[in-house]
4 protein chains.
Amino acid sequence: MTEKQELILSVALNLFAKQGFAATPTSQIAKEAQVSEGLIFRHFGSKEGLLQAILEEGQARVQAMVNSIAEETDPRRIITRVIDLPVQLIEQEREFWGLQFALKYSQKILPSKQQDTSVIALTKALYQAFDTLGYDYPDKETEFLMIFLEGLSSAMLTQDIQVNSLVRFVKVKYDLVQAQSSKKTQLQKV
Amino acid sequence: MTEKQELILSVALNLFAKQGFAATPTSQIAKEAQVSEGLIFRHFGSKEGLLQAILEEGQARVQAMVNSIAEETDPRRIITRVIDLPVQLIEQEREFWGLQFALKYSQKILPSKQQDTSVIALTKALYQAFDTLGYDYPDKETEFLMIFLEGLSSAMLTQDIQVNSLVRFVKVKYDLVQAQSSKKTQLQKV
Amino acid sequence: MTEKQELILSVALNLFAKQGFAATPTSQIAKEAQVSEGLIFRHFGSKEGLLQAILEEGQARVQAMVNSIAEETDPRRIITRVIDLPVQLIEQEREFWGLQFALKYSQKILPSKQQDTSVIALTKALYQAFDTLGYDYPDKETEFLMIFLEGLSSAMLTQDIQVNSLVRFVKVKYDLVQAQSSKKTQLQKV
Amino acid sequence: MTEKQELILSVALNLFAKQGFAATPTSQIAKEAQVSEGLIFRHFGSKEGLLQAILEEGQARVQAMVNSIAEETDPRRIITRVIDLPVQLIEQEREFWGLQFALKYSQKILPSKQQDTSVIALTKALYQAFDTLGYDYPDKETEFLMIFLEGLSSAMLTQDIQVNSLVRFVKVKYDLVQAQSSKKTQLQKV
DNA sequence: TATGAATGAGTGTTCATTCAT
DNA sequence: GATGAATGAACACTCATTCAT
């Protein structure tokens, strides 16, 4: 991966995230990266190929974090880290994840099996954690949490929310940290 | 709103949902609606105007349901109906909501104040419900549930999930229905 | 076929014949026809489609002449008219035939069954003429003449030849006209 | 002419013949010859220069054969060999001649004086042969035969014809071989 | 109201050619 | 000699939009 290739990738991610994939002409990428337009096609074959390269680079980083979580043994720690994951990812690479979400609904991308792999690994780890902790419906519990986290990611990207206090609130729900007050919630462990 | 206008709107929604807004040429809409391309512009001014019209028509229907929920007085009933709302909406108008989600991330959305209005009304209703029921952090509880429901909507649109059992699971968590088994969950009411 | 369509067709034939199909950009056709480039694609779908339209228009005219020959009954008259055909065609529409020949070798065109049809009809008519006249190998005789005429067409398009005297010479060979001198050729009727 | 130069020439001839000159990118030639694209330009200066080199190499081979014919003294033998020439050339180097014909009509040809030279030499030899044999219009006779042979070459390249029997038929016409049957043709020696 | 011919700015992509190494 | 990254000028084609009828 040459220097210019990295440059193109980074400029393209910027623009795709800001303007959307379809709305970003390759000519603009070339201009802002100060390379010829042809170079994009020499290296990535097509605009779509460029997008793939961006996604693959990002997915590699996700996979590393997911693997690290899957290796944990303490169930509480697994759940905690899964809850923290979207916040970390999005804070580190907000643009990448904005693009990722935009693509999910745009009929453009078959989510590159790697993403599926991450999600599956995460799901499995969560399930075992809930199971170990004696939750009665660990599968539903897992599904519930995963869906919430998808919503959370989406909200972080599109709204102004106070993530930290919300995350803490969730962790209290799952008994991962002490509530600051002594009061209990009414939410039940099903 | 003449017959042809309705026809254009309906064909356009179909195509936008299936192919995406940017990827659907007005020529295709015209052909499938069997009207001339010029007519679209005479009626809706621009392609963007056509999109607005679709969105507004849909929002009107949402607003009606939201208002009906906001008029409820029983807090449990409010929460129940809020939880049921996304399922109802998406089952009734899956195409419309697919488009709505696609737009949300596509930098395209001029968020049509009406949508905000609905969300605000819903948020307020939920907050009062949780407050009435004595939840300690009704604001966080509201935020949590709203975000979960956003995730749920998204999951319904992009994955194959068993909504009914999941929704029931959630309702048990919020003590809105009896758990089928006698077991309790570990989730705490914060 | 609107006025502008005809205009495009005629300008395109001019340019294709002069510069070759591949070497003529649609932008140049548009500019010289003083229409927008998009109009070419609206009417003919693609550059290739434009070429097809040109060829079909020309083939229609050929077919008419061929049919007229095929209806002749006098064998001498048939042969005479077949010999005269390339000269007439090329003198009338030199550009069209230049294009036609260029295409034949350019791997671009499958010669549009209509052309085959004309050739077959001509071949059949010639065969019957030679047969009627008692030639021993009317099939070979036909093949020989057809191939000569192809060479003649080619020569008319690429060289400066005195067609008239050459054609007369050929007609004498086939005993269709009187030799101007009394001498005989040595060419044999096989 | 190094080994790599020959390799490039041969690959390029293959591709030009198969796909046409304009439709063959230098990148493809480089890839199939397993050399860098730059090397083509170092050796041949330009794509056009590459074509010239191919053409010249081929012409050299033609010239040799033509010279050999021109040195014949027996007029019958000259005519025979001229008739056989296209068959031999095309059977030996079909690709080269396919390219040659394609170029002839493609407005591309800078007719490489060498080709003219061959044709002129052939024409002169034929003329003398016909003259010696007492043909009344040796010039017309020559022109006629040359044009037929051009048609024959073209037909060999574009159609499926039985060349051998046709060539034999022609030779009988010119009284160069005995007809297989005893019948005579009606073709006259003008 | 309704048509559809016409526009023109833009899009992704190709390709012969150059040049630093 | 040989490479391959890099260029930039084209190219075919698309599409939202306009307008005369």
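Just so we're on the same page: letters track the sequence lines, and every chain starts at 1. Below, each value reflects all heavy atoms present in this structure, side chains not excepted, and no hydrogens, waters or symmetry copies.
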Please state how far atom NZ in B/Lys31 lies from atom C1' in F/dT14, giving the value in whole angstrom units.
-> 13 Å

Are A/Leu50 and A/Thr26 close enough, and set up right, to give a side chain to side chain contact (heavy atoms under 4.5 Å, CB included), and what steps lead you there?
-> CA-CA 10 Å; A/Leu50 173 59; A/Thr26 51; 5.5 Å; no

Send over the distance from B/Ile29 CD1 to E/dG4 P, rounded to a whole Å.
-> 17 Å

Residues from residues 1-16 of chain C lying under 4.0 Å of DNA chain E - heavy atoms | C/Lys4

From D/Ile29 atom CD1 to D/Phe44 atom CZ, the distance as rounded to the nearest 0.5 Å = 10.0 Å

Using both pair distances under 3.5 Å as the test, note the stems of at least 3 consecutive Watson-Crick or G-U pairs that include DNA chain E.
-> E:2-21 with F:2-21

Rounded to whole angstrom units, what separation is found between the CG atom of A/Leu39 and the P atom of E/dC15?
-> 17 Å

Measure the distance from CD1 on C/Ile40 to C1' on E/dG8 and round it to the nearest whole Å.
-> 13 Å

With rounding to the nearest 0.5 Å, note down the distance linking CH2 in A/Trp97 to OG in A/Ser153.
-> 8.0 Å

Is the NZ or CZ atom of C/Lys104 positioned over D/Phe101's six-membered ring, under 6.0 angstrom from the centre and within 45° of the axis?
-> no

Quick one: does C/Gln5's side chain have a donor or acceptor within less than 3.5 Å of a partner on C/Thr2's backbone?
-> yes

Would you say the side-chain atoms of C/Glu37 and C/Ser27 include a donor-acceptor pair closer than 3.5 Å?
-> no

Sugar-phosphate or base contact per nucleotide [nucleotides 16-21 of chain E; S, B, -; heavy atom under 4.0 Å] | BBB---

CD of A/Gln100 to CD of A/Gln59: how many Å apart, nearest 0.5 Å?
-> 5.0 Å

Rounded to whole Å, the CG-C1' distance (A/Leu50 to E/dT11) equals 15 Å

What are the two closest non-hydrogen atoms of A/Gly98 and A/Leu157, and how far apart are they?
-> N-CD2, 3.9 Å

For the atom pair OG (C/Ser46) and CD1 (C/Ile40), what is the distance rounded to the nearest 0.5 Å?
-> 11.0 Å

Calculate the interatomic distance between D/Gln34 atom CD and F/dT3 atom P; express it in whole Å.
-> 10 Å

Is it the case that A/Tyr105 and B/Ser154 place a side-chain donor and acceptor less than 3.5 Å from each other?
-> yes

Interatomic distance, B/Ser36 atom OG to B/Phe41 atom CZ [nearest 0.5 angstrom] = 10.5 Å

Could you state the atom-to-atom distance from CZ of A/Arg42 to P of F/dA5 in whole Å?
-> 5 Å

Value in whole Å for how far the C1' atom of F/dA16 lies from NE2 of B/His43 | 17 Å

